[in-house]
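Data block below; observations after.
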Amino acid sequence: MHAERRASTVHFLFLYLLHVSSTLRSENGQGENKTEAAFSQEVQAENVTVVEGSTVEISCHLHQYDGSIVVIQNPVRQTLFFNGTRALKDTRFQLVEFTQKVVKIHLSDAKLEDEGGYFCQLYTEDTHHQIATLTVIVPPDNPLVEVKEQAVEGGEIELTCISPRTKPAATLRWYRDRKELKGFTSKQENGKTFSITNSIRFNVDRKDDGNIVTCEASHPALKGQKKQTQYELDVQFSPTASIQPSQSLVRDGDELNLKCEVTGNPRPTEIIWTRLNDSLPDRAQIQGDLLSFPSLNLQDNGTYSCQVSNKHGRSSDQYVLVVYDPGAIIEAQTQVPYAVIGGILALLVFLVICILIVMVWCSVRQKGSYLTHEASGLDEHGEAREAFLNGGENHKRKEEFFI
């Protein structure tokens with residue numbers, strides 16, 4: 001309130017002084033020459049852009065300046081400086097240079113409210129002014145990621161990336177495994193700033209749980225840099241259970257640990273150990289997912305099961321425990337060589353018998369072939385017919401021969 005009142009007072013004094021200055025100029029005997037000089041004076045201003053919260057320089061360039069009154073006003077026409085003298089109590093504005101050629105002021109911690117046209121005015125016989133337009137841009141912060149509802153395996157997930165305040169509007173993109181995901185973009189104007197959203201939907205499975213998707217915002221104020229927010233997918237799914245023994249072959253007196261390896265989202269908090277058709281041994285110890293046997297014996301044999309569940313389902317696994325007697329194993333090992341030797345001997349006997357049979361068969365076949373050959377030779381010399389017709393000793397001899 002006091003600052004505004006003081007600014008109004010200064011502005012009124014400024015107008016009064018300007019009127020007095022004009023009157024004195026008109027009464028001067030050399031008024032005509034002064035008028036020609038006044039018309040040759042010029043003022044120029046430059047448009048500037050600043051990132052919100054930064055410092056910006058506003059300049060008014062003077063040409064053929066003769067010491068006339070120079071006034072700089074803000075967009076709402078409040079006088080900031082009057083011939084180098086502060087007129088508005090806003091310490092963010094500082095006069096850094098006032099010469100015959102240029103007037104420079106610095107504005108620190110620039111705000112959207114500071115945006116607009118700044119007047120550089122040169123009061124001579126005629127008023128000359130130029131407007132330096134100040135543009136304030138608002139870069140995005142790291143975007144926000146919202147999920148519509150809890151994702152469950154076999155269903156869909158909807159993610160929305162939000163940049164609530166930018167000027168000009170930021171560009172939002174989704175990425176997964178370095179590949180862009182196409183989404184639906186919307187823009188809402190809030191005064192001088194914009195709110196931008198980009199939404200995506202895709203199917204999910206249990207393997208997607210824990211994967212990363214990234215929302216990326218780009219904006220002219222970032223000068224090629226990006227603002228990113230990573231979101232870890234939270235996909236709920238039914239549990240699984242798998243029993244893993246600390247060793248595969250166990251004997252009487254050994255130590256054994258059975259671990260129930262569990263997956264699931266949400267992760268099951270309770271694991272139930274049971275033995276099929278019997279209760280757990282008294283010496284068995286349960287510690288969460290671990291069932292321990294400090295010293296096994298034959299009474300521990302059986303089928304053991306671990307069961308888990310969450311709100312999406314349940315699962316179980318079984319393990320058949322067989323405890324071996326060391327004495328029985330040693331006895332079986334000593335019997336194995338005798339069995340092998342007996343098998344080898346039986347095989348040798350079988351091979352010898354087979355060889356004898358083949359030799360006898362070959363011998364008989366060879367003898368029959370020889371007798372047949374001899375009979376054929378006698379017939380060729382006529383001796384066979386002669387023995388048959390004449391009888392006698394020769395006949396008997398021939399018969400004996402053929403037989």
Side-chain angles (χ1 to χ4, degrees), residues 1-137 192 220-221:
M1 180 70 71
H2 294 291
E4 293 179 358
R5 185 177 300 171
R6 180 180 176 184
S8 300
T9 302
V10 172
H11 189 63
F12 174 77
L13 291 175
F14 157 69
L15 294 177
Y16 173 74
L17 291 173
L18 182 61
H19 174 71
V20 173
S21 176
S22 300
T23 302
L24 291 175
R25 286 176 182 276
S26 63
E27 292 177 354
N28 195 315
Q30 299 178 350
E32 184 176 352
N33 293 335
K34 292 290 184 179
T35 302
E36 292 177 359
F39 275 109
S40 64
Q41 297 183 86
E42 293 181 357
V43 61
Q44 293 180 344
E46 298 176 353
N47 297 333
V48 289
T49 300
V50 62
V51 177
E52 184 182 38
S54 300
T55 299
V56 62
E57 181 178 273
I58 302 174
S59 301
C60 298
H61 295 274
L62 306 175
H63 297 277
Q64 298 184 6
Y65 177 63
D66 65 350
S68 299
I69 296 173
V70 177
V71 176
I72 299 178
Q73 295 180 323
N74 63 15
V76 294
R77 302 308 297 268
Q78 293 175 327
T79 301
L80 298 175
F81 294 95
F82 175 81
N83 260 17
T85 302
R86 180 185 298 277
L88 186 65
K89 191 178 180 180
D90 188 344
T91 57
R92 296 181 304 128
F93 292 93
Q94 296 291 332
L95 181 66
V96 295
E97 186 175 352
F98 190 173
T99 67
Q100 295 290 322
K101 293 184 178 181
V102 66
V103 179
K104 293 181 179 179
I105 63 173
H106 281 182
L107 168 61
S108 61
D109 190 22
K111 304 175 181 178
L112 276 177
E113 293 78 7
D114 300 321
E115 191 175 62
Y118 285 77
F119 292 82
C120 298
Q121 301 186 69
L122 177 62
Y123 288 91
T124 59
E125 296 296 336
D126 291 328
T127 301
H128 300 272
H129 76 272
Q130 287 288 324
I131 298 176
T133 301
L134 174 64
T135 302
V136 180
I137 60 177
K192 292 184 177 182

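- Residue Val102 comes nearest to Ser59 through the heavy atom pair CG2-CB, 4.4 Å, listed as atom of the first residue, atom of the second, then distance.
- Smallest separation of non-hydrogen atoms from Val48 and Glu57: CG1-O, 3.6 Å.
- Between Leu107 and Val50 there is no side-chain heavy-atom pair separated by less than 4.5 Å.
- For Lys101, the side-chain contact (heavy atoms from CB on, under 4.5 Å) criterion is met by Thr99, not counting sequence neighbours.
- Rounding to the nearest 0.5 Å places OG1 of Thr49 at 9.0 Å from CD of Glu115.
- Taking CD1 from Ile105 and CD1 from Ile72, the interatomic distance works out to 5.0 Å, rounded to the nearest 0.5 Å.
- Remark: Asn83 engages no residue in a side-chain hydrogen bond (donor to acceptor under 3.5 Å, both in side chains) (not counting sequence neighbours).
- By the side-chain contact (heavy atoms from CB on, under 4.5 Å) test, Ile131 is found to be paired with Phe119, His129, Thr133, residues two or more places apart in sequence or in another chain being considered.
- With respect to Val103, the side-chain contact (heavy atoms from CB on, under 4.5 Å) criterion is satisfied by exactly one of Leu62, Ile58, Val96: Leu62.
- Annotation: the span from Thr79 atom OG1 to Gln121 atom CD amounts to 7.5 Å, rounded to 0.5 Å.
- In this structure, the side-chain hydrogen bond (donor to acceptor under 3.5 Å, both in side chains) partners of Glu52, at least two apart in sequence or on a different chain, are Arg165.
- The closest side-chain heavy-atom distance from Arg86 to Phe81 is below 4.5 Å.
- At a threshold of 4.5 Å between non-hydrogen side-chain atoms, the residues Asn47 and Thr135 do not count as touching.
- In this structure, the separation between CG on Leu122 and CD1 on Ile69 is 9.5 Å, given to the nearest 0.5 Å.
- When all heavy atoms are compared, the tightest approach of Phe98 to Gly84 is CE1-N, 3.2 Å.
- For Ala45, the side-chain contact (heavy atoms from CB on, under 4.5 Å) test picks out Cys120, Gln130, Ala132, with sequence neighbours left out.
- For the atom pair Gln78 CD and Leu80 CG, the distance stands at 7.5 Å (nearest 0.5 Å).
- Inter-residue side-chain proximity for Arg92 and Asp114 is flagged as met; some heavy-atom pair is nearer than 4.5 Å.
- For the side-chain contact (heavy atoms from CB on, under 4.5 Å) test, residues two or more places apart in sequence or in another chain that qualify with Gln44 are Glu42, His61, His63.
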